Protein chains: 2
Amino acid sequence: MTAQPTERITDHVAAEDITLQGVLEALTDPVRRGIVRQLADSERDMACGTFDFTVSRSTSTHHFKVLRRAGIIRQHYEGTVKLNSLRRADLDRAFPGLLDAIIEAARREVNR
Amino acid sequence: MTAQPTERITDHVAAEDITLQGVLEALTDPVRRGIVRQLADSERDMACGTFDFTVSRSTSTHHFKVLRRAGIIRQHYEGTVKLNSLRRADLDRAFPGLLDAIIEAARREVNR
DNA sequence: ATCAACCTTTGATGGCTGTCGTACGATGAA
DNA sequence: TTCATCGTACGACAGCCATCAAAGGTTGAT
């Protein structure tokens, strides 16, 4: 009935409102760092359910929310599936080199 | 009486034991980030008492300890004064680009 | 209409940590 | 030896946060 599709995600933060504190808080959690790393190593957007982690569904929802509200990922629905992507450009502009350094370190972390 | 001076600080972590988790945990706290930024902007080692922060003495001791045990700073006594320096080389080797990115972001954080 | 898949919300819980005051220890100077 | 300076250790406390289970909501397919 609606001409425009319902937007079910409403709390993406504006690029200029991304804070260092928020980004560091988000990436200090190992589960969230794992999400970001997997996203960085993927060629396409990933559904929430396709990530590899060790926590319950409800906990993973929480982590995605923290990442989204920190401005690290963008999310949108495609049917019942929620797709995630990294906000690389926004993060690089806000904090040059930070995301790459953490992702690279996280990659090594996983192969140690 | 002792030929070698007493070493009063014993828990510096080895360079190869610096972890991403520890570094991020340490630098997520704004007070600790302030310490690191001031240290990065100083030309010489700084005594604990010469930093600019808003917490009590005992709390600051706690923060220096966290930074030291994360491998981010090195400390040594000179008389009654405890001097701090950044472990830049060790950190750069462990996590290239990370420290610089955070310091640079922290500098902007302070002038906003 | 029903159902399955996907994700969210809520409430509870346990653990961690930043904070402080107070008391203490070590060093060097008077 | 006395004293001031500098930093530490301890105990307490409050708040935050990662976690889970259970129940719920939305969407698309049957």
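As the structure is a computational prediction, the values presented were derived from the model and not from experiment. So you know, we letter chains A, B, ... as the sequences are listed, proteins then strands, and number each from 1.
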In terms of heavy-atom contacts, A:A47 and A:N84 come closest through C-ND2, 3.9 Å
In whole angstroms, the gap separating P of C:dC6 from NE2 of A:H76 amounts to 16 Å
Between A:G79 and A:V55, which has a closest nucleotide on DNA chain D that is more 5'?
-> A:V55
Do the side chains of A:V66 and A:I35 join up, straight or via other hydrophobic residues, at under 4.5 Å, putting them in one cluster?
-> no
Atom-to-atom span, CG of A:D29 to C1' of C:dT17 - whole angstrom = 15 Å
Report the nucleotide, chosen from C:dC20, D:dA18, C:dG18, that has the shortest atom-to-atom distance to any side-chain atom of A:R32.
-> D:dA18
Taking atom C1' of C:dC7 as reference, at what distance in whole Å does atom NE2 of A:H63 sit?
-> 15 Å
Under 4.0 Å protein heavy-atom contacts per nucleotide of nucleotides 3-10 of chain D, with B for base, S for backbone only and - for none | ---SBBB-
Minimum side-chain heavy-atom gap A:D90-A:I72 below 4.5 Å | no
Are B:V55 and B:H62 close enough that some pair of their side-chain heavy atoms sits under 4.5 Å apart?
-> no
May I have the distance from A:E78 (atom CD) to C:dA5 (atom P), rounded to whole angstrom?
-> 20 Å
Rounded to the nearest Å, what distance is computed from the CD atom of residue B:Q21 to the C1' atom of nucleotide D:dA18?
-> 12 Å
To the nearest angstrom, the CG-P distance between B:L67 and C:dT17 comes to 14 Å
Distance test, side-chain N/O of B:T59 to OP1/OP2 of C:dG18, below 4.0 Å = no
Between B:E104 and A:P96, is any pair of side-chain heavy atoms under 4.5 Å apart?
-> no
Whole angstrom value for the distance that separates P of C:dG18 from CZ of B:F53 | 14 Å
Sorted by chain and residue number, the side-chain hydrogen bond (donor to acceptor under 3.5 Å, both in side chains) partners of B:S58 (sequence neighbours excluded) come out as B:S56
